[in-house]
2 protein chains.
Amino acid sequence: MKISEARQQFISTWGAMGTHWGINRTMAQVHALLMISPEPLTQDDIMAQLNISRGNVNMNIRDLIDWGLVDRVLIPGERKEYFTAEKDIWKVATQIIKERKKRELDPMMKLMDQLSKVEGDKRDKEVKTFLDTINGIKKFGAHADDMLDVLVKSDENWFLSTALKIFK
Amino acid sequence: MKISEARQQFISTWGAMGTHWGINRTMAQVHALLMISPEPLTQDDIMAQLNISRGNVNMNIRDLIDWGLVDRVLIPGERKEYFTAEKDIWKVATQIIKERKKRELDPMMKLMDQLSKVEGDKRDKEVKTFLDTINGIKKFGAHADDMLDVLVKSDENWFLSTALKIFK
DNA sequence: ACTATTTTTCAGTAATTTTTGAAAATTCTA
DNA sequence: TAGAATTTTCAAAAATTACTGAAAAATAGT
């Protein structure tokens, strides 16, 4: 397989993967393109390579910057803005995990706390089932939180990495 | 907050959460409803409670069964089919992780293996950056795989659960 | 085998999400 | 500070995804 074909394949697959994870196809593709680009790109480069409009590039780049996955780069003497993506996939994953935790896990847990204060008799089956579900989610959330922290930190921790394999 | 209100809130939030994770709103809502329902429900119950059509219920229930999150229940003497969801959130999470790994992580890793065989000179920056990205993803995938196995098994493993907190 | 009940399918429609492109805003240069 | 280059915005259009409802298929009872 030639490099140009492989790059296309990667961009397209990364985009499809995004849609399964609630990320829009184009954003994932822009991210993929920047990850495999040795040099920073301009909006025009991205427009050309992915065949999408200027507005689209602009909006998705902005979102990627909000997610902390892409940075603006200033090239001395150049008028245009350049963009580059973090290449270290560990940092990418860490960043995504942090953001999703902040945006989704934390608010969900806060809601569970509120919902667990529901009024009603616990002998009422409906109330009991509800509370069991909510409390189960709370427990799971706390555990997942610990686990994600470990994942984030286990990159260069040999002991941890080995320990994980043992428990597998 | 009254139980009926709390239930509504939960269903609606679980549905919204689903959309952030590539799961369609209604499927997540059906799942939420079944999780907090003490007794199995029929398609008609679900239609009534969520205000959706028969076809919609049917399709989403089928998908939830494919995901291993919902089971058909036969009630003796009843003509209609009943449905129930796993209530133990740990089992739910485990099941989702297993399925997503099978459906998404595994095929992605297989593709990375292929792409890492791309032809070209590694001194070519484009090739080098591409390979670095692909190989990074491969490493990460393997590690995530270990980690997910641990998560799945750490539910009732006191030592592991404690160990996780230490490394936090 | 016929009939009543229930489930499944799927073409058409509706709702939502994404994209475009041109105008407005901003930024830079001289 | 005029004007050229670039970025940003956003209403309208396109594309995608989800939903409905009625017909077809399946199932169970007599």
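Chain letters run A, B, ... following the sequence lines, proteins first and then strands; every chain starts at 1. This structure is a prediction, so every number in the text was calculated from the model and none was measured.
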Problem - DNA chain D base-pair string [pairs: Watson-Crick or G-U under 3.5 Å; |: paired with another strand] - result: ||||||||||||||||||||||||||||||
Quick test: give all pairs of protein nitrogen or oxygen and nucleotides 28-30 of chain C nitrogen or oxygen below 3.5 Å, distance rounded to 0.1 Å.
from, atom 1, to, atom 2, distance (Å)
C:dC28, O4', A:Arg79, NE, 3.4
C:dC28, O4', A:Arg79, NH2, 3.4

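- Between A:Arg25 and D:dA15 there is no side-chain polar atom (N or O) within less than 4.0 angstrom of OP1 or OP2.
- Inter-residue side-chain proximity for B:Met17 and A:Glu104 is flagged as met; some heavy-atom pair is nearer than 4.5 Å.
- Nearest approach of B:Gln43 to B:Phe83, heavy atoms of both residues: CG-CE1, 3.8 Å.
- OP1 or OP2 of D:dC19 lies within a sub-4.0 Å distance of a side-chain N or O belonging to B:Asn24.
- Between B:Phe10 and A:Phe130, the two ring planes are perpendicular [angle over 60°; tilted spans 30° to 60°].
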Exercise for the section: With side-chain hydrogen bond (donor to acceptor under 3.5 Å, both in side chains) as the test, would you mind laying out the steps for A:Asp113 and A:Ser116 before giving the verdict? Expected result: CA-CA 5 Å; A:Asp113 281 340; A:Ser116 66; 4.9 Å; no
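- Rounded to a whole Å, the CD1 atom of A:Ile52 is 15 Å from the P atom of D:dA15.
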Between the protein and nucleotides 10-14 of chain D, are there any N/O to N/O pairs under 3.5 Å, and if so, what are the atom names and distances?
none

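- Ranked by how close their nearest DNA chain C nucleotide is to the 5' end, A:Asn60 and B:Gln43 are led by B:Gln43.
- Note: B:Trp90 and A:His143 meet the aromatic proximity criterion, with ring centroids under 6.0 Å apart.
- Side-chain atoms of A:Lys87 come within 3.5 Å of backbone N or O of A:Ala85 as a donor-acceptor pair.
- Residue contacts shown for A:Arg54 include a base, since a base heavy atom lies under 4.0 Å away.
- Spacing between atom CZ of A:Arg72 and atom P of C:dT27 amounts to 11 Å, rounded to whole angstrom units.
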Exercise for the section: Mind running side-chain hydrogen bond (donor to acceptor under 3.5 Å, both in side chains) on A:Asp132 and A:Thr129 for me, showing each step along the way? Expected result: CA-CA 5 Å; A:Asp132 285 351; A:Thr129 306; 5.9 Å; no
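- What separates NZ of B:Lys80 from P of C:dT7 is a distance of 7 Å, to the nearest Å.
- Counting heavy atoms from C-beta outward, B:Arg7 and A:Glu126 have side chains that approach closer than 4.5 Å.
- Separating the CE atom in B:Met112 from the OG1 atom in A:Thr13 is a distance of 6.5 Å, to the nearest 0.5 Å.
- Remark: the backbone N or O of B:Leu131 is paired with a side-chain donor or acceptor of B:Asn135 at under 3.5 angstrom.
- Here D:dC19 presents its P atom at 11 Å from CG of B:Leu50, a figure rounded to the nearest Å.
- For A:Leu64 against A:Met27, the heavy-atom pair with the smallest separation is CG-CG, 3.5 Å.
- Rounded to a whole Å, the CD1 atom of B:Ile61 is 17 Å from the P atom of C:dT6.
- Of the inter-residue distances, the one linking B:Ile61 atom CD1 with B:Arg72 atom CZ reads 8.5 Å to the nearest 0.5 angstrom.
- When rounded to the nearest whole Å, the span between CE of B:Met47 and P of D:dC19 equals 14 Å.
- For the pair B:Ile23 CD1 and D:dT17 P, the interatomic distance rounds to 15 Å; values are reported in whole Å.
- Atom pair A:Asn58:CG and C:dT19:P shows a separation of 14 Å (rounding to whole Å applied).
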